[in-house]
2 protein chains.
Amino acid sequence: MLSKSCVYALRAIIFIAHNAREEAKIGIKEIAQELDLPVHYLGKILQQLTKHKIIQSIKGPNGGFYLDRESKQVRLIKVIEVMDGLDVFFQCGLGLNNCSEEHPCPLHDNFKVYRDGLYTLFSTTSIADLANKIDEGNAFIQNFPSKLKDSLK
Amino acid sequence: MLSKSCVYALRAIIFIAHNAREEAKIGIKEIAQELDLPVHYLGKILQQLTKHKIIQSIKGPNGGFYLDRESKQVRLIKVIEVMDGLDVFFQCGLGLNNCSEEHPCPLHDNFKVYRDGLYTLFSTTSIADLANKIDEGNAFIQNFPSKLKDSLK
DNA sequence: ATAATAAAAGACCTAAATATCTTTTATTGA
DNA sequence: TCAATAAAAGATATTTAGGTCTTTTATTAT
C-alpha cells in the first residue's frame with residue numbers, strides 16, 4: 001500500500017508533533033531510538049520532509065526537529081505525495097492504464113469505493129489529528145521501547 | 001497496493017477465463033501478446049498459479065492454459081494470497097506491529113474500514129464474476145492490442 | 001521411435017527500494 | 001576564533017521485485 005519510507009515518515013512526524021516544540025526540539029537519534037528505526041535511513045527521510053517544508057529543522061547545538069503551527073495542520077496525503085506520489089489513489093485495481101469511468105475494467109466500480117475512501121481519509125486527516133489521539137492505551141505509545149512510555153506512567 | 005506480479009496474475013486469469021476452454025486451451029505466447037506482458041515473466045507467474053491449482057495447464061502440442069469449472073469460482077483473494085500473501089489486509093496503516101483492536105494506533109479505526117472493505121471485496125469476487133463482466137465498452141477489452149478486440153467488432 | 005510443441009524449471013540479470021557510512025555545512029557556546 | 005554539536009549531503013552497500021534467457025520435461029502426431 002504505502003512504502004516503508006512513507007510509513008516511517010508518518011510515524012516520525014506524529015512522534016515529532018507529539019514530543020517536540022520550537023523551544024524543545026528533538027534530535028534524530030532520539031526519534032530513531034524511540035521509534036526503533038535505522039538512524040541514517042530516518043535521516044534521509046526527514047531530510048526530504050524538511051526540504052518540502054513539512055517539518056522544521058535546525059542544525060547545530062540545541063538543534064533538531066519540530067513542527068510549527070502550520071506544519072501540524074498538514075494532511076497525511078501531503079506526506080504520502082512527497083514520499084510515494086499519489087499514483088496509488090488513481091490507479092486501476094487491475095493495473096490497466098486505460099481504465100476510466102467511461103471504459104471501466106470489471107473491477108473498477110467496486111474497487112473505486114475503497115480506493116477513494118482511503119484518499120479522502122488521508123486528505124482530511126492532519127498530523128495534529130493523529131498526534132492528539134495518542135494516549136496511554138495506544139499502539140503508538142505501546143511501541144515506544146523506553147522513554148516516552150515511562151514518562152506517561 | 002498489490003504487486004505487479006499479482007496484478008499480472010489477475011489479468012492473465014481473467015483473460016484465460018474469458019478466452020479458453022479445456023477443448024481450446026490458450027498458449028502463453030498469445031496471452032502475453034494480448035495482455036502486453038513479458039512472456040517469460042508471465043510464464044513464472046502462471047507456473048505458480050498452476051502449482052497452486054488456481055489454473056490448469058497441459059504441456060505439449062495443443063497444450064496451454066484453461067480454467068476448469070472449479071477454478072472459475074476461485075476468489076480473487078486466493079490469487080492475492082498466492083502471489084503476495086495476505087499481510088496487506090492485516091497490517092496497521094502506520095506499520096506498527098502491535099496495533100490491535102485493544103491497543104489501536106491513532107489511525108486504526110478509520111483505516112480499518114477501507115482495508116477490511118477491500119478484503120471483503122476480494123473475498124467475495126470470483127474470477128468468473130469479472131470474466132463475465134467483460135464486454136466491448138470495457139477497459140479490459142480496450143487494452144487488448146489486437147485479436148480479441150477485432151473479434152468483437 | 002522420433003520430431004515438434006509447449007509448459008516447467010533453473011540460472012541469471014537489472015532496477016528500485018531499503019539501509020549504512022562518511023564528509024560537509026550550519027549553529028552555538030566557551 | 002575554536003571546539004562541539006547536529007542536520008544535510010553524498011557515496012556506497014544490500015535486499016527484493018521485476019524481468020530475461022536457457023535447458024528440461026511432458027505430450028502429441030507422424
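Reminder, nothing fancy here: chain letters follow the sequence lines and each chain counts from 1.
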Tell me the interatomic distance from [X], atom [atom1], to [N], atom [atom2], rounded to whole angstroms.
| X | N | atom1 | atom2 | answer |
| --- | --- | --- | --- | --- |
| B:His40 | D:dG19 | NE2 | C1' | 10 Å |
| B:Glu22 | D:dT27 | CD | P | 14 Å |
| B:Ile28 | D:dG19 | CD1 | C1' | 13 Å |
| B:Asp36 | D:dG19 | CG | P | 11 Å |
| A:Ile45 | D:dA9 | CD1 | P | 16 Å |
| A:Gln47 | D:dA11 | CD | C1' | 13 Å |
| B:Tyr41 | D:dT16 | OH | C1' | 11 Å |

Any residue of residues 52-61 of chain A with a heavy atom less than 4.0 Å from an atom of DNA chain D: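 Contacting residues: A:Ser57, A:Ile58, A:Lys59, A:Gly60, A:Pro61.
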Presence of salt bridge, B:Lys112 and B:Glu101, under 4.0 angstrom: yes
B:Phe122 side chain reached by A:Leu107 side chain, heavy atoms, under 4.5 Å: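 Result yes, sub-4.5 Å side-chain heavy-atom pair found.
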Min side-chain heavy-atom separation A:Leu96-B:Arg11 under 4.5 Å: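 Side chain of A:Leu96 against side chain of B:Arg11, heavy atoms only: contact under 4.5 Å found.
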In one Ile/Leu/Val/Met/Phe/Trp/Tyr side-chain cluster, 4.5 Å: A:Tyr119, A:Met1: yes
Base D:dG10 paired with A:Lys44 side chain (donor-acceptor, <3.5 Å): yes
Touch class at under 4.0 angstrom, heavy-atom based, for B:Gly64 against every strand present: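 Counting heavy atoms under 4.0 Å across all strands, the contact made by B:Gly64 is with sugar-phosphate only.
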side-chain contact (heavy atoms from CB on, under 4.5 Å) partners of A:Ala20, counting only residues at least two apart: A:Ile16, A:Ile26, A:Tyr66
Positional range of nucleotides in DNA chain C within the contact set of chain A, heavy-atom, under 4.0 Å: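 Under 4.0 Å from chain A, the extent on DNA chain C is C:dT18 to C:dG29.
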Of A:Tyr8 and A:Asn62, the one whose closest DNA chain C nucleotide lies more 5':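 Checking each residue's closest nucleotide, the 5'-ward one belongs to A:Tyr8.
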Ring geometry between A:Tyr41 and A:Tyr8 (parallel below 30°, tilted from 30 to 60°, perpendicular above 60°): perpendicular
By side chain to side chain donor-acceptor pair (under 3.5 Å) - contacts of A:Ser57 (at least two apart): none
Side-chain atoms of residues 84-93 of chain A: list all donor-acceptor pairs with protein atoms under 3.5 Å, sequence neighbours left out, distances to 0.1 Å.
from    : atom 1 : to     : atom 2 : distance (Å)
A:Asp84 : OD1    : A:Ser3 : OG     : 2.5
A:Asp84 : OD2    : A:Ser3 : N      : 2.8
A:Asp84 : OD2    : A:Ser3 : OG     : 3.3

Stepwise side-chain contact (heavy atoms from CB on, under 4.5 Å) test for B:Leu118 and A:Phe111: CA-CA 7 Å; B:Leu118 282 170; A:Phe111 183 73; 3.8 Å; yes
DNA chain C contacts among residues 78-90 of chain B, heavy-atom distance under 4.0 Å: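 Hits under 4.0 Å, by residue number: none.
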side-chain contact (heavy atoms from CB on, under 4.5 Å) between A:Lys78 and A:Ile54, intermediate numbers included: CA-CA 8 Å; A:Lys78 181 76 189 169; A:Ile54 292 176; 3.9 Å; yes
Audit row: B:Leu67, B:Val74, side-chain contact (heavy atoms from CB on, under 4.5 Å) steps and yes/no: CA-CA 10 Å; B:Leu67 301 196; B:Val74 164; over 6 Å; no
